[in-house]
Amino acid sequence: MTVERYNPAETEPAWQAVWEKNGIFQTGNDDPRPKYYVLEMFPYPSGRIHMGHVRNYTMGDVVARYKRAKGFNVLHPMGWDAFGMPAENAAMERGIHPAKWTYDNIAAMRKQLKSMGLSIDWDREFATCDVEYYHQQQKLFLDFLKAGLVDRKNRKVNWDPVDRTVLANEQVIDGRGWRSGALVEQRELTQWFFKISDYSEDLLQAIGRLERWPEKVRLMQSNWIGRSEGLQIRFALEPDTAPEGFSELEVYTTRPDTLFGASFMAVAPDHPLARKIAETNTQAAAFVAECQRMGTSLADIEMAEKRGYDTRIRVAHPLIEGHTLPVFIANFILMDYGTGAIFGCPGHDQRDLDFARSYDLPVIPVVLPDGADSAAFTIENEAFTGEGLMINSAFLDGMTIPEAKEAVADKLSKAAFEGEPQAERQVNFRLRDWGISRQRYWGCPIPIVHCCDCGAVPVPEEDLPVRLPDDVSFDKPGNPLDRHSAWKEVPCPKCGRPADRETDTMDTFVDSSWYFARFAAPRAKTPTELTAVDAWLPIDQYIGGVEHAILHLLYSRFFTRAMRKTGHCSLDEPFDGLFTQGMVCHETYKDAEGHWVFPEEVVIEDGVARQRETGAPVTIGHIESMSKSKKNVIDPDHIIERYGADTARWFMLSDTPPERDIVWTEAGVEGAWRFVQRIWRLVAEASEEISPTVENGGDTGESKRAQDIRRTAHRALASVEDDIDKLHFNRAVAQVYELSNQLYGYWNGREAIPFTPADSAAMREALTIMVQLFAPMMPHLAETCWQALDKKNLVSNAAWPVLDESLLEQTVITLPVQVNGKKRGEVTVPKNADKSDIETAALELEGVLRAIGEKPVRKVIVVPERIVNVVA
RNA sequence: GCGGGCGUGGCGAAAUUGGUAGACGCAAGGGACUUAAAAUCCCUCGGAGGGUAACCUCUGUGCCGGUUCGAGUCCGGCCGCCCGCACCA
C-alpha cells in the first residue's frame, strides 16, 4: 500500500489553530494539580528569530509538553525584553520611533514563534516596554528606595563625548565608543545604584544550595562575588609629611603575614589623599590626570607599566618601631577595591615587585620556600607566592603563613600603644553595587524629581506611571528626554516649586530581573500578586544561554531578595533548576574578495564550494556560532517553510547534547526530514491495516511476538522518560529512532508470519506509545499520527503512557564472559541462577576454553546480572 | 597569571558511573526496485591480519605510568584544545 507523504505545510498550521481554538496551553492559577514552571529566557525583539531561539524554545517546549502529559499544571509563558539601544539606533538611522520599531518586531517574531508550535500561554504575554509593566517597575524602584536598597552616588563611568552618553564596558572597544568611534573619557557622574553588595555574603552562601544549577555557572558567580578574608590596617602618617586633615592611611590586605616585607605604600590616583596632594602639587596633579586618561580596556591594562609618583609622605610601620615607608600614588591601584590603598611587599607580590624594581625600593623576602636555604634565598624577577615559613619577620619567624596571618591580626587588632586598635579583621567582596542609570530614552524612567531645595524627591505613587513621552526627536546625539522641556520640567512633588525630572532611565537588566515573577499574574495592578507569585515560583526549569551566567542571573537573584524584603514575594531564589544550552554554529563561506557569503548562496559538490548564481569559487571557513556579521546564518522561516517546524525541532534535539554547541548542517536536517516521513509511513500504514477494535480485544499473553513488541515499547518508554527528566534530549531522540526501527522490523515480519490479533493489539499499543514519546518534540506530526490511530482527543492533551514495569523484568539474562578482562563469549542463564551454575556454563563456552588454553583457571568472578570474568 | 571544562571511528555522539567500547544519527561504499531519476528498502562500515565459509586473532577511547580479576570511566605526571575572570591587594 502506498501512503501519501506527510505534508507539514498543511498539518502544522491546522494543528496550531486547533490548539489555539481549544485554549489547551492556557494555564489557570487555581488548578489543583501540582505546578510546574518552565521558562526560557525571553527574547530581545530584534525583528526576526534566529536558530538560537529555535533551539532554546524547543528545549523548553519539550519539557513543558512532557510535564503537562505527566499531570502537572504547567506555566510556560512568553514575553519580550523590549527596552534597549537597538530601538534607538533604528530611530537615529531610519527615523522610526523606537516604540513602533519594537512593537512591529514583536508582531513579526510572535508570528514566527507561533509557527514553531510552542505550547505557550500567550494570554500572559507582555513586553517590558508596555507602560503597564514599567509602571509596576517604577513602584518596585520606589519600594526599594524606601527600604534602603537604592543609593545615589558618584561613580566613574565610560563617557562617550560625541554621543553624549554613558557606555557599558562592553560597548567600549579599544578605548573608543562602539558607535561614535570617539575616545572614551572617564567621567564621574551621579548615578542611581541598587545595593546588591548588601547581599554579597547571602548571594554567595546561597549558591551552595543551588543544586540544580550547572557547576560552571555557580563557580562563575562565586568568583564574581569574590569574597576574601583579610585585615584592614591603619598606618599612621608621619605628622610633618602629611597634608592637613590626614593622619592615617587605611589599607586592606589578605597577606598581613608579609607585613615585615613591606617597603612602600601606594594609593589609587583617585584616592582622597592623592586628590588632596594634587590640589597643591602640580607634578602630582599631572600624574593623576595622566592615569585618568589611561584606558580601561584589557589591552591597556596588560601593556601598562607600573608607574607611580612619590608623594614624599611617609607612614610608620606598625610593627617596626621607628621604621617608615614612602607613600606613592600608583597607576595600578584601584579605588574600587578594598580601601584604594595598599602596602607593597615586593618579595611576594608580582605587581609590587615590578613597581619596586622601577623605583629602586628594597625587596625583603619574608617567606622562605620549603627546602630553600635562608642564607642563599633571594628574590630576582619573580615574586614568591607559594607556601613556606616566615623569615626576617621578628616574632613571626618560623611560623607558617596561616599562623603568621593570625599572629599579625591578633597583635594589631588588640589595643596597641595608644589604646586604639590599629587593625581589624575584614571580609571584602569584589562585587560592586549595580549602577542602573542610563542616559537613554528607550528605557524605564526613574521616578524621581530633582528639586533645588528638596533634593531628589520620589514621584508619589499616585502620580505613576512616569510615562515616556512619544514626541521625541533623535536628530541630535544625547538623551532626548534631556531636551524635552515639556516632559522634564515639573513642579516638585514636595514643595511645588519648579523642578526637573530625572532624565536617566533604568538599565534593561532591571526589566529582566523580575519578569519571571510578573508572569504569575501579568495583569495585576501591583508588581506581583503575592499568592500567585508564591504559588508559581521558584521556576522549576529555567533555560537560556550561558552568556547570562553572571549578570542576568545574579541580578535576578538580588532582585528576588529585594522583592522579598519589600513584600512582593516570599522567597529569595527564583530559579530552582537552571540549564544553559550551547550555541548554534554553521560553516562560514567567503568569496574571492574575502566577503562573507550566506550559506543559501552556496552550493557544495564533492567538497568544492561555489556560488549558486555565478558559479564563482567560494572558500569554506571555520565552523562558528551563527552571526549576522559572518553571514553564516540560516533563517528559521525558510527551514519551517521547506521542512516544517517538527523537522527543525527534531534536528535541534538530535545528536548533540543540549549543553554543547550544535552544528547546523543541511545533511542533518535532511536526515530529520526523512525520519518524519518514515514515522508517518509506519503509523499510517499500520494504523490502516490494523483495526482499532483489536486494541483491547487481543489476548496479549498468547503470542511471544506480542510480548516482545510490548516489551520493546515499554523499555523505550522507561528510557525516554528518564532522558527527558535529565534533559538528555539527544538520547531521548536516539531511543525513539531505535524504537521505530524495531517496530518496523516487527511490522515487516508480518509478511512472513501474519500478525495474530494479539500481535496487532500489541503493535497498536506500541505505536501509541511511540507517538507519545516523540509528541513533546514533534507535536504536529504526533497529532496527525494520533488521529490516524483513531484517537479521539489530542495527543497534546493526553496523559503520559503508564509504564508496565512487569515487562521490564527479565527471567533470563545474557551475561558477557571475559577471560582475563577480554570478552570471549556470552551465557544465557535464568536471572536468579546460582553463581556456581553460571560459572559452570561459562567454563563450557568454546571461546572461553580456547582462550584459557593450557593455563589453569585461578579464579572466576561472577558479578550478578552484570558479567563473568575468568582469571587464568 | 588564576579558576573551570573537555580530548572516544571520516563526522555528531552513546556507554546504566569500574563490567560486552562505538547504541542512535550523518557521511561513505555496495546491492534491490525503476526506461531513468527521485523516493524507498537491504547489506557493509575503528584499524591491521587470517580463513572457501559461519567466523578467528591481534590492536584500539590524546600520551606515559599506577590501582584492579577487569579502566573510556579511578589515581599520579605530561601534551593539546575550549570557556570564564583578570593590576581584586
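So you know, we letter chains A, B, ... as the sequences are listed, proteins then strands, and number each from 1.
Here, B:rA23 and B:rG12 have their P atoms 15 Å apart, quoted to the whole Å. Look at the C1' atom in both B:rA38 and B:rA21: the space between them is 38 Å, to the nearest Å. For the C1' atoms, the distance from B:rG62 to B:rA71 is 16 Å, rounded to whole Å. With both ends at atom P, the span from B:rG47 to B:rC33 equals 30 Å, rounded to whole Å. Taking atom C1' in both B:rA32 and B:rC81, one finds a spacing of 46 Å when rounded to whole Å. Nucleotides B:rU16 and B:rU67 place their C1' atoms 24 Å apart, quoted to the nearest Å. Comparing B:rA89 with B:rG77, their P atoms are spaced 26 Å from each other, to the whole Å. Only the P atoms considered, B:rC74 is 16 Å distant from B:rU8, to the nearest whole Å.
The heavy-atom pair separating A:Ile634 from A:Met51 by the smallest distance is O-CG, 3.6 Å.
Nearest nucleotide to the side chain of A:Tyr737, out of B:rU20, B:rG25, B:rA89: B:rG25. Set against B:rA27, B:rU20, B:rC24, the side chain of A:Lys823 has B:rU20 as its closest nucleotide. With B:rG25, B:rA86, B:rC69 as the choices, the nucleotide that has an atom nearest any side-chain atom of A:Lys859 turns out to be B:rC69. Relative to the side chain of A:Arg824, the nucleotides B:rU57, B:rG25, B:rC26 differ in distance, and B:rU57 lies closest. With B:rC88, B:rC87, B:rG70 as the candidates, the nucleotide lying closest to the side chain of A:Arg430 is B:rC88. Picking from B:rU17, B:rA39, B:rC87 the nucleotide with the shortest atom distance to the side chain of A:Arg5 gives B:rA39. Nearest nucleotide to the side chain of A:Gln818, out of B:rG3, B:rA21, B:rG12: B:rA21. Closest to the side chain of A:Ile867, out of B:rU20, B:rU40, B:rG25, is B:rU20. You'll find that the side chain of A:Ala667 is closest to B:rC26, out of B:rC69, B:rG84, B:rC26. Of the candidates B:rC85, B:rC24, B:rC88, B:rC24 carries the atom nearest the A:Glu738 side chain, counting heavy atoms from C-beta on.
Here A:Ser654 lies out of heavy-atom contact (under 4.0 Å) with every strand. Contact annotation for A:Leu219: backbone-only contact, meaning every heavy-atom pair under 4.0 Å involves sugar-phosphate atoms and none involves a base. Across all strands, A:Gly668 comes closer than 4.0 Å to no nucleic acid atom at all (heavy-atom distances). Residue A:Asn730 is in sugar-phosphate contact alone, with no base atom involved, counting any heavy-atom pair closer than 4.0 Å across all strands shown. When heavy atoms are screened at a 4.0 angstrom cut-off, A:Arg678 is found touching the sugar-phosphate backbone but no base atom. As judged by a 4.0 angstrom heavy-atom cut-off over every strand, A:Ile333 is placed among the base-contacting residues.
Per the geometry, CE belonging to A:Met777 stands 17 Å off P belonging to B:rC24, to the nearest Å. Note: CZ (A:Phe384) to P (B:rG1) measures 17 Å, nearest angstrom. Between the CG atom of A:Asp722 and the P atom of B:rU17 there is a distance of 11 Å, rounded to whole Å. One can place CG of A:Asn381 at 16 Å from P of B:rG1, the figure rounded to the nearest angstrom. Between the CZ atom of A:Phe651 and the P atom of B:rC11 there is a distance of 17 Å, given to the nearest Å. Rounded to an integer number of Å, the gap from CG of A:Asp655 to C1' of B:rG12 is 5 Å. If you take CZ of A:Arg681 and C1' of B:rU40, they are 6 Å apart, rounded to a whole angstrom. To the nearest angstrom, P of B:rC82 lies 12 Å from CD of A:Glu624.
In this model, the phosphate group of B:rC88 is approached by a side-chain N or O of A:Arg351 to a distance below 4.0 Å at OP1 or OP2. One finds no side-chain N or O of A:Arg660 lying less than 4.0 angstrom from the OP1 or OP2 phosphate oxygen of B:rG12. The side chain of A:Asn428 contributes no N or O atom lying less than 4.0 Å from OP1 or OP2 of B:rA89. The phosphate of B:rG25 (OP1 or OP2) has a side-chain N or O of A:Asn741 nearer than 4.0 angstrom. Listed pair A:Lys822 / B:rC58 fails the phosphate criterion, with no side-chain N or O lying under 4.0 Å from OP1 or OP2. At B:rG70, none of the side-chain N or O atoms of A:Arg866 fall inside 4.0 Å of OP1 or OP2 (strictly under the cut-off). For A:Arg674 and B:rA27, the shortest distance from a side-chain N or O to OP1 or OP2 is below 4.0 Å.
A 3.5 Å limit on both hydrogen-bonding distances identifies B:rG31 as the Watson-Crick or G-U partner of B:rC41. Pairing of B:rU20, defined by two Watson-Crick or G-U wobble distances under 3.5 Å, is not identified with any nucleotide. In this structure B:rA54 sits in no base pair that meets the Watson-Crick or G-U test at under 3.5 Å. With a 3.5 Å ceiling on both atom-pair distances, the Watson-Crick or G-U wobble partner of B:rG76 is B:rC64. Judged by Watson-Crick or G-U wobble contacts below 3.5 Å, the nucleotide B:rG1 has B:rC85 as its partner. The nucleotide B:rU8 finds no pairing partner, because no Watson-Crick or G-U wobble arrangement with both distances shorter than 3.5 Å includes it.
Relative to the six-membered ring of A:Trp747, A:Arg750 meets both conditions, a distance below 6.0 Å and an angle of at most 45° to the axis. Within the cation-pi definition used here (under 6.0 Å to the ring centroid, within 45° of the axis), A:Lys306 does not qualify as a partner of A:Phe355.
The only option from A:Glu738, A:Met770, A:Gln742 that meets the side chain to side chain contact (heavy atoms under 4.5 Å, CB included) definition with A:Thr712 turns out to be A:Gln742.
Checking A:Leu334 against A:Gln735, the closest nucleotide of RNA chain B that is more toward the 5' end is the one next to A:Gln735. The nearest heavy atom of RNA chain B to A:Glu659 and to A:Ile550 marks one nucleotide each, and the one closer to the 5' end goes with A:Glu659.
Interface remark: the A:Lys216 side chain does not form any donor-acceptor pair with the B:rC83 base, using a distance-only criterion of under 3.5 Å.
With its glycosidic angle more than 90° from 0, B:rG76 is assigned anti. A syn base is found at B:rU17: its glycosidic angle is within 90° of 0.
Not a single donor-acceptor pair under 3.5 Å links the side chain of A:Thr814 to the backbone N or O of A:Thr828.
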Applying ring-ring contact (aromatic ring centres under 6.0 Å, His included) to A:Trp673 and A:Tyr6, what does each step give before you reach the verdict? CA-CA 10 Å; A:Trp673 169 246; A:Tyr6 176 75; 7.7 Å; no
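For A:Tyr643 and A:Phe651, the ring centers sit 6.0 Å or farther from each other. Separation of the A:Trp213 and A:Phe579 ring centroids does not fall under the 6.0 Å cut-off. Ring-centre distance between A:Phe675 and A:Trp680: not below the 6.0 Å cut-off.
Considering CD of A:Gln221 and CZ of A:Arg218, their distance stands at 10.5 Å, rounded to 0.5 Å.
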